[in-house]
Amino acid sequence: MSSRREIRPWDRGNRATVVRATAAGLLEHLARAAHWTGWWHRLGPLSGSDPKLKDPLARYVVTAFTYGSGLGATQAARHIRTVSAHELAAIANATAHRRTWPAAGADVVDAHLDLDLVRAWGDGSVAAVDGTMMDAAVDNLLAETSIRYGGYGGIAHHLVADTYVALFSRFVPCGVWEAVYLIDSLLQNESAAQPEQIHADTQGQSFPVFGLPHLLGIDLLPRIRNFQDLTFHRPDPRMRYQHIDQLFSTDPRTAIDWDLIRRHWPDIMQVALSVKQGTVSSVTLLRRLNNRSRKNQIYQAFREVGRTVRTAVLPRYLSDPALREQIQRATIKAEAYNGFTKWLHFGNAGWLTSRDPELQDKAIKFLDLVAASVIFSTSIDMTKTLRQMAREGWALNASDLAVLSPYRRENVLRFGDYTTDQLHIPPPVYNPTLHTAEGAGAATPW
């Protein structure tokens with residue numbers, strides 16, 4: 001019998017071993033990720049010229065911390081003596097742009113995806129979309145009262161991969177249908193993680209929202225509540241099934257109108273290709289297609305496509321427990337990411353104090369960069385600890401590693417002295433593998 005010990009998440013001694021790590025400040029986690037991934041090279045003037053900053057890495061790290069944590073320039077300058085509020089605001093306004101953020105975040109996401117430990121969590125082919133309420137100042141263009149979430153503010157809408165990191169985020173008003181931002185988030189993601197299956201909550205059940213991802217080759221599988229109240233559409237009013245016929249509507253008006261789809265198929269494909277090429281915004285399109293206008297022939301055609309796709313998804317959802325478990329697991333990761341980002345966004349009691357929509361959206365993207373950097377840094381610490389456990393005789397099984405999470409808080413110090421004199425010093429080169437020199441841990445399936 002083998003003397004190797006296995007990792008069990010319920011083993012108290014093992015759990016203490018996994019989480020035991022030297023706590024580091026939030027600035028230190030950010031600086032480590034900046035050195036390792038080089039995301040700070042993506043920022044700078046739109047002209048592409050030299051930002052002409054002294055020690056730009058440290059300046060960008062401090063700026064990301066200032067706005068990602070929600071402290072703001074004035075409050076951060078009170079705690080960080082080496083920068084002024086004017087300098088922080090100038091860096092954020094002049095060097096952080098919408099065109100540069102996707103690439104900066106993608107650098108961290110790609111580096112995180114290359115870690116052995118992350119492969120036990122996923123490969124980036126599955127993602128979930130979810131929104132969370134962010135309190136905002138009164139009297140601005142985006143903030144309003146949310147009936148669904150309660151409170152006053154806006155929605156931070158995240159596309160979270162199965163690797164625990166967000167691929168794209170944005171700040172949206174409370175009154176919008178969140179599902180319309182799903183396609184846009186996928187198209188603006190520039191990382192190597194390209195999801196093929198997307199999970200969502202019940203807001204992802206609109207017919208046009210089902211139809212457009214299908215045309216783009218994306219498998220939309222939302223978490224479906226009250227499925228007994230949904231209509232199963234027959235492909236033909238005369239079609240009957242031996243075992244599942246009672247699920248389908250008997251009203252002939254609910255049958256799929258294939259002639260309508262065939263007649264408008266060139267228009268449907270033209271719209272899909274325009275969205276794929278970025279010629280037409282998917283957000284604008286889905287808003288127009290969600291107005292349920294009887295006079296809009298394109299809406300009616302997309303509705304029929306959506307009816308077809310949803311009717312095909314519902315039997316899969318009902319008959320496949322593994323699929324339901326995957327959807328639940330993905331949406332829980334997205335909800336856990338919301339909680340983790342709210343913990344990181346501790347400044348000003350978690351409020352977005354700016355009234356400028358562009359600055360509000362920029363604050364969400366700074367927060368994403370902070371969260372991705374901390375997750376990446378934490379995953380490297382976990383990898384180092386797991387290698388040490390392998391040397392001590394523990395067997396690293398993928399099924400056990402899969403239940404671990406990088407949303408750890410014990411190793412992140414949010415408060416204290418925010419010193420910047422060490423940020424320019426590169427950390428040691430990290431090892432992305434779980435294998436030791438002696439071959440321990442080589443039994444992992446990847």
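For clarity, every value in this text was computed on a predicted model and none was experimentally measured. Residue numbers count from 1 along this sequence. Just so it is clear, the values below take in all heavy atoms, side chains as well, and ignore hydrogens, waters and symmetry mates.
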Paired with Phe366, the ring-ring contact (aromatic ring centres under 6.0 Å, His included) test is passed by just one of Tyr67, Trp39, Phe65, namely Tyr67
Could you work out, with salt bridge (Lys or Arg N to Asp or Glu O under 4.0 Å) as the rule, every residue matching Asp162, not counting sequence neighbours?
none
side-chain hydrogen bond (donor to acceptor under 3.5 Å, both in side chains) between Thr433 and Asp116, intermediate numbers included:
CA-CA 5 Å; Thr433 70; Asp116 268 4; 4.8 Å; no
Would you say His199 and Val126 make side-chain contact, with heavy atoms under 4.5 Å?
yes
Restricting to pairs with a member in residues 307-330, which pass ring pair (Phe, Tyr, Trp, His ring centres under 6.0 Å), not counting sequence neighbours?
none
Would you say Arg307 and Phe210 make side-chain contact, with heavy atoms under 4.5 Å?
no
Of all heavy-atom pairs between Val61 and Ala34, which one has the smallest distance, and what is that distance?
CG2-CB, 3.8 Å
Within the 4.5 Å heavy-atom criterion, are Glu196 and Ile218 side-chain neighbours or not?
no
According to the salt bridge (charged side-chain N to carboxylate O under 4.0 Å, His left out) rule, which pairs have a member within residues 76-86, sequence neighbours left out?
none
Quick one: do the His112 and Ser379 side chains pair a donor with an acceptor below 3.5 Å?
yes
I'd like to check the ring-ring contact (aromatic ring centres under 6.0 Å, His included) partners of His158; sequence neighbours left out, ordered by chain and number.
Tyr337
Is the NE2 atom of His214 crowded by more than 12 outside heavy atoms at less than 6.0 Å?
no
Do the side chains of Asn411 and Thr378 get nearer than 4.5 Å, heavy atoms only?
yes
For Tyr164, enumerate each residue passing the ring-ring contact (aromatic ring centres under 6.0 Å, His included) test, keeping only those at least two apart in sequence or located in another chain.
Trp121, Tyr407
Kindly say whether Phe171 contributes a backbone atom to a donor-acceptor pair with the side chain of Asp361 at under 3.5 angstrom?
yes
Do Val160 and Leu167 come close enough that some side-chain heavy atom pair is under 4.5 Å?
no
Could you tell me whether a side-chain N or O of Asp320 sits under 3.5 Å from a main-chain N or O of Ala322, the two making a donor and an acceptor?
yes
Who pairs with Lys342 by side chain to side chain donor-acceptor pair (under 3.5 Å), at least two apart in sequence or on another chain?
Thr132
Using the test side chain to side chain donor-acceptor pair (under 3.5 Å), find all partners of Ser125 that sit at least two apart in sequence or belong to another chain.
Asp123
Tell me which donor-acceptor pairs under 3.5 Å the side chains of residues 82-91 have, and how far apart each pair is, sequence neighbours excluded?
unit_1: Thr82; atom_1: OG1; unit_2: Thr420; atom_2: OG1; d: 2.9
unit_1: Ser84; atom_1: OG; unit_2: Glu87; atom_2: N; d: 3.2
unit_1: Glu87; atom_1: OE2; unit_2: Arg59; atom_2: NE; d: 2.5

Across all chains, not counting sequence neighbours, the side chain to side chain donor-acceptor pair (under 3.5 Å) partners of Thr308 are none
Apply side chain to side chain donor-acceptor pair (under 3.5 Å) to Gln194 and list each qualifying residue two or more places apart in sequence or on a separate chain.
none
So which pairs with a foot in residues 182-193 pass salt bridge (charged side-chain N to carboxylate O under 4.0 Å, His left out), sequence neighbours left out?
Arg170-Asp184
Short N-O contact, Arg32 and Asp381, less than 4.0 angstrom
yes
Residues that Tyr430 engages under ring-ring contact (aromatic ring centres under 6.0 Å, His included), provided they are two or more places apart
Trp36, Phe376
Residues Phe415, Phe346; criterion ring pair (Phe, Tyr, Trp, His ring centres under 6.0 Å); working and verdict
CA-CA 10 Å; Phe415 310 111; Phe346 59 88; 5.0 Å; yes
Arg223 vs Arg324 side-chain heavy atoms within contact, under 4.5 Å
no
